[in-house]
Each structure stands twice: as structure tokens, then as C-alpha cells.
Amino acid sequence: MKLQLLPFLGLLSALSYTSAAQNLICYYDSASYLRQGLAKMFKSDLELALEFCTHLVYGYAGMKAGTYELFSLNVDLDMFHYKEITSLHQKFPHLKILLSVGGDHDVDDAHPNKYIEFLEANRTVQQNFIDSSMILLKRNGFDGLDLAFQFPKNKPRKVHGSIGSVWKKFKKLFTGDYIVDPQAEQHKTQFTDLVGNLKNAFRTANLMLTLTVLPNVNSTWYFNVNKLHPQVDYINLAAFDFNTPLRNPEEADYTAPIFFLDEQNRLPHLNVEFQINYWLQNHCPANKLNLGIASYGRGWKLTTDSGLSGLPVVPGTYGPAPGGLQIASVEGLFSWPEICAKLAKNSSAVYRGENAPLRKVTDLTQKYGNYALRPANEEGEHGMWLSFDDPDFAGIKAAYAKGKGLGGMAIFDVTYDDFRGLCTGQKFPTIRSIKYFMG
Ligand SMILES: *[C@@H]1O[C@H](CO)[C@@H](O)[C@H](O)[C@H]1NC(C)=O
Ligand SMILES: *[C@@H]1O[C@H](CO)[C@@H](O)[C@H](O)[C@H]1NC(C)=O
Ligand SMILES: *[C@@H]1O[C@H](CO)[C@@H](O)[C@H](O)[C@H]1NC(C)=O
């Protein structure tokens with residue numbers, strides 16, 4: 001037995017040596033600078049994370065409707081903050097700093113489809129975007145541009161629950177009228193052309209170009225993998241938020257499972273493995289892919305119809321759980337330190353009621369994710385179900401990415417990690433765990 005095992009172990013360590021994941025892409029939402037209280041992150045907090053990050057992605061810039069120039073979504077902040085952040089080059093010479101455009105943050109109610117309209121525009125108009133990007137990036141000392149392009153999203157799984165009508169209007173708000181792009185094929189070609197033109201311009205200017213595939217943007221529809229991967233430095237797959245309380249108000253499920261759990265009519269593409277394999281099967285080199293994870297969790301409100309077990313798929317939920325003080329503008333979103341503060345430290349604690357802690361359920365299979373819950377009380381109040389990647393599960397995903405030979409990991413984003421060390425005293429536990437398991 002020993003004799004057989006030894007060469008096998010040798011092979012394993014050789015493999016893990018050559019396939020060591022290198023990249024840790026850290027997204028940084030500059031809006032965190034404007035948050036209140038404990039959520040406000042200063043440059044000094046950020047610097048601690050940069051010991052671990054290879055790339056810092058500054059989020060987010062926008063694209064101006066009509067002229068399609070790259071522009072700052074918050075001029076008052078950015079006009080100083082861009083340079084403040086890129087000046088981190090001096091302290092961290094290894095660090096690449098990119099500016100990201102889109103990222104689901106460029107919300108323009110008057111022009112909800114401007115990214116698609118831009119693709120359909122002529123070459124002259126597209127040149128505006130290319131030229132304005134190069135000027136903005138160079139003037140502010142960025143190393144390149146990250147295209148977190150806002151394509152129309154997959155529609156969520158349909159549910160025919162008793163409270164369906166309540167959510168009907170609400171759903172429309174987030175997914176349009178369920179019309180998913182009839183011209184997807186054309187937009188795919190146009191996007192490939194755009195990326196080619198951007199790359200040509202950026203090459204001579206010595207600027208990097210990277211791609212972020214946003215949650216629920218369907219790669220089959222929009223990305224010509226074969227033609228895209230040679231044009232970009234790397235691709236970050238934001239493989240999370242497959243299920244969210246805003247998209248799936250009436251049922252709660254793992255937000256970012258690694259594998260497909262083929263039960264209860266789950267859709268086969270809503271998991272990490274499917275998304276990674278799609279790019280690999282279409283000949284994207286593994287080392288150009290970074291697996292993106294969220295350092296926040298999503299919370300649903302449980303009702304008396306949701307039962308007590310919490311086993312997903314959880315029925316009878318009622319949209320986002322209230323709370324989530326850090327990002328008050330996104331209902332049902334909880335940063336890791338906020339989640340940590342809600343978890344029971346004591347198994348004999350009460351398990352229902354407003355002030356009861358949430359009981360954490362650890363996924364011993366290490367395949368789907370951890371969650372925590374507090375069942376609703378008899379009046380149907382104070383129920384909550386949270387799905388999240390805690391530092392442990394982030395580590396499991398990092399080990400998975402390494403096993404797949406991927407280029408590395410991307411964290412969305414550093415400002416939702418526990419940068420104050422409120423949970424266990426350790427600052428940036430999610431980033432540390434990822435780094436540790438990437439090896
Ligand atoms: C390109 O589109 C813009 C805006 O629609 C238009 O003003 C311009 O004339 C077009 N240029 C060419 C060469 O077609
Ligand atoms: C895109 O959506 C279709 C239809 O829902 C699905 O079959 C396909 O697997 C999806 N592709 C990816 C990469 O998720
Ligand atoms: C656990 O909680 C119960 C009830 O709140 C309390 O009586 C007990 O002292 C706690 N135990 C520990 C170890 O904190």
C-alpha cells in the first residue's frame with residue numbers, strides 16, 4: 001500500500017506545484033469610502049488587504065449614454081480618489097490597478113439598455129469609448145480597464161407560489177419583461193469586435209484589458225470564448241448570486257454552489273462548476289480564468305410556510321430579509337462581519353424571535369455552501385435564511401480553483417470582508433483563507 005501511495009503523492013505535489021494559482025483579484029467598491037460607521041473603509045484598511053492581492057479593481061466607472069465615453073459615476077469622490085488609489089503603486093510595486101466599467105453599478109434609468117445600444121453603434125461612436133478610456137486611465141495612473149459589461153441577465157427559475165402576484169411587479173423591475181435578448185447572437189459578434197478594437201488600441205498604449213462576467217450573464221449568449229480569451233489578460237467569472245432574494249423572492253437556495261445538486265428541478269447551469277467548465281470546454285486556457293466569489297451573503301425572509309428545517313430549496317420565503325446595515329441600498333445583502341455577528345455562538349440559545357441568533361448549518365460535503373437560519377415565530381415574524389461563503393467555504397473554493405488549474409481567485413469585494421476583524425479579531429479572514437488555500 002505504502003509503495004503504491006508514495007509515487008502518487010509525488011505526482012500530486014508536482015501537479016500542485018506547477019498549477020499553483022497565482023492571482024488574487026481584489027475588487028474594491030469605491031462607494032465604500034462614503035459608507036457610514038463601521039462600514040466605512042479607509043485607505044489604511046485597504047492597504048492591509050493589498051499584501052495579499054495581485055490586482056486591485058477599482059469599481060465602478062460608467063459609460064455615458066449617447067456619446068459612450070467612459071466617465072466617473074461619482075466625480076466628487078473619484079477626482080481625488082482615483083489618484084489616491086493608484087498612488088498605492090509606490091508602496092505595492094507588484095500590484096496592478098485596474099478601473100472597472102459597469103459592474104451592475106452603472107444604473108441609468110433613462111437608458112437601461114445603453115450597453116447593448118453601444119454595441120449596436122457604429123465604429124466612430126465606439127472609438128469615443130476607446131479614446132476616452134485611454135485618456136482617463138493614463139491620466140489617473142491605472143494599469144488597465146476591466147470590462148464588467150452589463151448584458152441582459154438570465155431569467156430566474158419560475159415559481160408558482162401563493163404570493164406570486166405580490167412579487168410580479170417587483171420581478172419585472174429586476175428582470176425586465178422576461179424578454180431575454182432576441183439579438184444575442186449579433187451582440188456576441190459585436191462584443192467580440194469591440195474587445196478586438198480595444199485590445200489593439202490598448203496594446204500600443206501598454207494598458208491591460210480584462211473581462212468580468214457578471215452574475216447571471218449567460219456566457220453561451222454573449223461570449224465567443226475562442227476569440228475573446230486571446231484578447232484579454234484574464235477573465236473573472238463572478239460565479240455567485242445564482243439565486244438571490246431579489247431574483248427569487250419566493251424560494252431560498254444556495255447562492256453560489258460549487259456543484260449541481262440535481263434535485264427539486266434546479267437548473268443545471270446555476271453553479272460554479274458548470275460556468276468554469278463552459279469556458280474550459282470552449283478552449284479558454286485554465287490559467288486565464290479566475291474564480292470569483294462574493295464576500296457577502298444574501299438573506300431571505302422566512303414565513304411560517306418555510307418550515308423549520310432550513311434545508312434548501314426553502315419554500316414560502318417572502319423576498320429579502322430586512323437588515324443588512326452596511327449596504328442599506330441593497331435589500332437582503334449582508335457583509336461577512338454582519339453575518340458573523342448574527343450567528344449563534346451557543347447551541348442552547350433561543351432559536352426564534354427578534355433577538356435570537358441564527359443557527360449555522362455547515363455543508364459537510366463541501367459542495368454547495370453553508371447557510372444559517374432563524375425560523376419564523378408563530379406570528380410569521382423574524383424568520384431569516386442566509387446563504388454565504390464564509391472564510392472556510394471561500395477556502396474550499398480556492399482549493400477547488402487550484403485543483404482545476406485556474407489562474408486564481410477574484411473577491412467581490414474587499415469592502416465586505418471583515419476588514420476590522422470584528423468577527424474573530426483577524427482582519428480580512430476571507431482574503432487570508434483564499435490565499436492560504438491557493439497555496
Ligand atoms: C455614427 O453614429 C452617430 C450617432 O448615431 C451618427 O451621428 C454618425 O453620423 C454615425 N457615423 C457614421 C460614419 O455612420
Ligand atoms: C445559458 O442559458 C441556457 C438556457 O437557459 C442554458 O441552457 C445554458 O446552459 C446557459 N449557459 C451558461 C454558460 O450558463
Ligand atoms: C448559552 O445561552 C444560555 C441561554 O441564553 C445561557 O444560559 C448560557 O449561560 C450560555 N452558555 C454559554 C457557554 O455562554
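In each ligand, atom 1 is the first atom listed, and ligand 1 is the first ligand listed. Every heavy atom of this structure was used, including side-chain atoms; hydrogens, water molecules and symmetry mates were not.
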For ligand 1, run through the N/O pairs with the protein that fall under 3.5 Å and put one pair on each line.
| unit_1 | atom_1 | unit_2 | atom_2 | d |
| --- | --- | --- | --- | --- |
| ligand 1 | 2 (O) | Asn122 | ND2 | 2.4 |
| ligand 1 | 11 (N) | Asn122 | ND2 | 2.9 |
| ligand 1 | 14 (O) | Asn122 | ND2 | 3.2 |

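- Where the criterion is an N or O separation shorter than 3.5 Å, residue side chain and backbone included, Ser219 fails it with respect to ligand 2.
- The number of heavy atoms from other shown groups lying within 6.0 Å of NZ (Lys404) is above 12.
- For ligand 2, the atoms sitting less than 4.0 Å from at least one non-hydrogen atom of Gln275 are 12 (C), 13 (C), 14 (O), numbered in the order shown with element in parentheses.
- Taking the six-membered ring where tryptophan is involved, the planes of Phe151 and Tyr222 are essentially parallel, since the angle between them stays under 30° and well short of 60°.
- Remark: the Asp146 side chain and the Thr212 side chain contain an N/O donor-acceptor pair separated by less than 3.5 Å.
- Short contacts between ligand 2 and Phe274, defined as distances under 4.0 Å to a heavy atom of the residue, involve ligand atoms 9 (O), 12 (C), 13 (C), 14 (O).
- Exactly one residue among Phe259, Tyr254, Tyr400, Phe260 makes a side-chain contact (heavy atoms from CB on, under 4.5 Å) with Lys367. That residue is Phe259.
- Ring geometry for Tyr28 versus Tyr58: interplanar angle over 60°, hence perpendicular rather than tilted (30 to 60°).
- Ring orientation note: the planes of Phe412 and Tyr27 are close to parallel, at an angle under 30° on the 30°/60° scale.
- For the residue pair Ala256 and Lys397, the shortest heavy atom distance occurs at O-NZ, 2.7 Å.
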